[in-house]
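For reference, the structure is listed below as C-alpha cells.
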Amino acid sequence: MHGNEKTKKALISGITGQDGSYLAEFLLAKNYEVHGIVRRASTFNTERIDNLYVDSHKENAKFFLHYGDLSNSSNLRHIIDKVKPDEIYNLGAQSHVRVSFDQPEYTADIVATGTLRLLDTLHDYIVASNKEVKIYQAGSSEMFGSTPPPQNESTPFHPRSPYAVSKVAAHWYGINYREAYDMFVCNGILFNHESPRRGETFVTKKITRALGRIKYGLQENLYLGNIDAKRDWGFAGDYVEAMWLMLQQDKPDDYVVATGEIHSVKELLIEAARICELDWEKYVKIDSRYYRPTEVDALQGDATKTKDALGWTPKTDFKALVKLMMEHDLELARKEALLKEDANEKNK
Ligand code: NAP
Ligand code: G4F
C-alpha cells in the first residue's frame, strides 16, 4: 500500500463461521481493518477467529467485533454508522439445508429478510453519508436445486429447500437494490466449499471427523443419508479470494465460484477411508433421518465467467481437499485418544 492510501474497512456478518474466519484472515493480510458481527451466545462461539484477536485498546489493533444479529435492523444501522465500512460481506446465515426444513420460518427471516434488512439499512446509510459502500452477498449453488448440471450464471434457479428459496430471495433483493438505487451489490453463487474448519454436521466434515475417530477406536459407526448425491467441492480458503475480487471490479455483477469437478458423497467416503486405511463398508450405516424431503441430486459449477473476468481459479482439487481435511481430523482424533488414555490412567 502507498503511504497516502487510507486503510480500507471491511464489515463481515457471519465472521465466526467457516468462511468468515478465512475471509477475515485474508483481509487482514491485505492490511484491511476488519470488523465482524457476532451473536451473543451463552458459550464462546469465536473459536475460529480467536487467533486473530488483538486487544482493541492497542494502537495497532485492526480486528474488532460487534454484537449484532441479522434479525435486528436498528442494531445493523448502529454498527454501520459506527464502523463506516468501505466493503460489507454478508455471510451470516442459518446455513444448514436439512435444518431449514425443521426451521423454515427462522431460516427465511435470517437468510432472506436478514439480507433485505442489511441492504435497506445500507441504502439509508449511503443516502445519509454520500459514501460508496460495496456489498457482497453470499449466494449458493443450492439455488440451482433440481436444474441439471453444469450450472452457470445464466442457469435458471429451481430451489429445493427453505434455505435455497431464501437464498434465491436474497439474490434477487441484491439485484433489485443494484438496479433501483445503483448500489454496488455483488452476488457470489458459491458451490460447496469445505475445510478443516467446516461445521461438524456438513457431510464432508462429518465423514472425516467420524473416520478419524473410528481409526482411533473412539467411535463405532458413521450414520449417513443419501450417499449418491453429487457435489462440486472446493476449499473455503480459495473461495474467499473470489468474494474479495468481486468487490474490486469497476462494476458490480454476479459470479459462479466452483471447481468444475463433480463427485458423489460415496466417492468422498471412499477417498477419505483410503487415506486412513479403513474399510468404510464395515462402519457406515444409512439412516433415513438424514434424508431431505426434497434433495438436490447434482451440482457442478461452470466458473468460466469468474475465471475470465476476475482471473480467479481454485488452487485445491477434490483429492487435495479430502487429504487436507482427513489428515487434520486424524490428528485431532489422535490427540483425543491420548487425552482419554491419560484420563483413564489417572482414574485407575
Ligand atoms: P457457517 O459456518 O454456518 O457460518 C454462518 C455464520 O452466520 C456464523 O458466523 C453464524 O454465527 C452466523 N449467523 C447465523 N445466524 C445469524 C444471525 N441471525 N445473525 C447474524 N449472524 C448469524 O457458514 P459458512 O459455510 O461459513 O457460509 C458462509 C455463508 O455462505 C452463508 O451465508 C452460507 O449460507 C453461504 N454459503 C456457504 C457455502 C459453503 O459451502 N460453505 C456455499 C454457498 C453459500 P454463529 O457462529 O453464532 O452460529
Ligand atoms: O454437506 P451438506 O449438508 O451440504 P449441502 O446441503 O450441499 O449445503 C451446503 O452447501 C451449499 C452450497 O451448495 C450451501 F449453500 C449450504 O449452506 C451448505 O454449506 O450435504 C451435501 C450432500 C447432500 O446431498 C446431503 O443429502 O450430502 C448428503 N448427505 C448424505 N448424508 C448428508 C448426509 N448431508 C449431511 N449434512 N449429513 C449427512 O449425514
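Atoms within a ligand are numbered from 1 in the order they appear, just like the ligands themselves. The figures that follow rest on heavy atoms only: side chains count, while hydrogens, waters and symmetry mates do not. As the structure is a prediction and not an experimental result, all values here were calculated from the model.
The heavy atom nearest to atom 5 (C) of ligand 1, out of those in Gly36, Gly92, Ala93, is found in Ala93. In this comparison of Asp19, Asn192, Ile15, the heavy atom closest to atom 24 (P) of ligand 1 sits on Asp19. Distances from atom 18 (C) of ligand 2 to the heavy atoms of Ser161, Ser95, Gly17 show the closest one on Ser95. Which of Lys206, Arg98, Arg292, His96 comes nearest to atom 3 (O) of ligand 2 through a heavy atom is settled by distance: it is Arg292. Of the candidates Gly14, Ala236, Ser13, it is Gly14 that places a heavy atom closest to atom 12 (C) of ligand 1. Closest heavy-atom approach to atom 1 (O) of ligand 2 within the set Thr201, Asp232, Val203, Asn192: this belongs to Val203.
Contact annotation for Leu70 and ligand 1: heavy atoms of both the backbone and the side chain come within less than 4.0 Å of the ligand. Using a 4.0 Å cut-off between heavy atoms, Arg39 contacts ligand 1 through its side chain alone, with no backbone atom that close. Neither the backbone nor the side chain of Met143 comes within contact range of ligand 2; no heavy atom lies under 4.0 Å. At a heavy-atom distance under 4.0 Å, only side-chain atoms of Arg231, from C-beta outward, approach ligand 2. At a 4.0 Å heavy-atom cut-off, ligand 2 does not touch Tyr291 at all. Only the side chain of Lys167 comes within 4.0 Å of ligand 1, judged by heavy-atom distances. With a 4.0 Å cut-off on non-hydrogen atoms, Tyr89 does not touch ligand 1 at all. When non-hydrogen atoms are compared, ligand 2 lies under 4.0 Å from the side chain of Val97 (C-beta onward) but not from its backbone. With a 4.0 Å heavy-atom cut-off, ligand 1 is reached by the side chain of Arg198 but not by its N, CA, C or O.
Within ligand 2, the atoms closer than 4.0 Å to a non-hydrogen atom of Ala229 are 24 (O), numbered from 1 in the order shown. Atoms of ligand 2 lying under 4.0 Å from at least one heavy atom of Gly225, given by number and element, are 30 (C), 31 (N), 33 (C), 39 (O). Per-residue contacts place Ser95 under 4.0 angstrom from the following atoms of ligand 1 (heavy atoms of the residue considered): 1 (P), 3 (O), 23 (O), 33 (C), 34 (O).
Judged by the 6.0 Å and 45° rule, Lys8 forms no cation-pi pair with Tyr32. Judged by a 6.0 Å distance limit and a 45° cone about the ring axis, Arg289 is not positioned over the six-membered ring of Tyr223. A cation-pi geometry, defined here as NZ or CZ lying under 6.0 Å from the six-membered ring centre and within 45° of its normal, does not hold between Lys340 and Tyr216.
Nearest protein heavy-atom contact of atom 19 (O) of ligand 2 is Arg198 NH2, 2.9 Å. Residue, atom and distance of the protein heavy atom nearest to atom 26 (O) of ligand 2 are Glu295 OE2, 2.6 Å. In this structure, atom 43 (C) of ligand 1 lies nearest to the protein heavy atom Leu190 O, 3.1 Å. For atom 13 (O) of ligand 2, the closest heavy atom belonging to the protein is Ser141 OG, 2.6 Å.
Polar contact check, Trp233 against ligand 2: no nitrogen or oxygen pair lies under 3.5 Å apart. Inclusion of Gly17 in the set of residues having an N or O under 3.5 Å from an N or O of ligand 1 is warranted. The N/O atoms of Tyr163, backbone and side chain alike, include one that comes under 3.5 Å of an N/O atom in ligand 2. Geometrically, ligand 1 and Gln94 share no nitrogen or oxygen pair separated by less than 3.5 Å. Below 3.5 Å of separation, one finds no N or O of Thr204 facing any N or O of ligand 2. For a threshold of 3.5 Å applied to N or O pairs, the pair formed by Glu194 and ligand 1 contains no separation below that value. Checked by distance only, ligand 1 and Gly20 stay at 3.5 Å or farther apart across all their nitrogen or oxygen atoms. An N or O contact shorter than 3.5 Å is missing between Phe202 and ligand 2 by distance.
Under the 3.5 Å distance criterion, with hydrogens and angles disregarded, no donor-acceptor pair is assigned to the side chains of Thr43 and Asn45.
In this structure, Gln18 falls outside the shell of residues with a heavy atom less than 4.0 angstrom from ligand 2.
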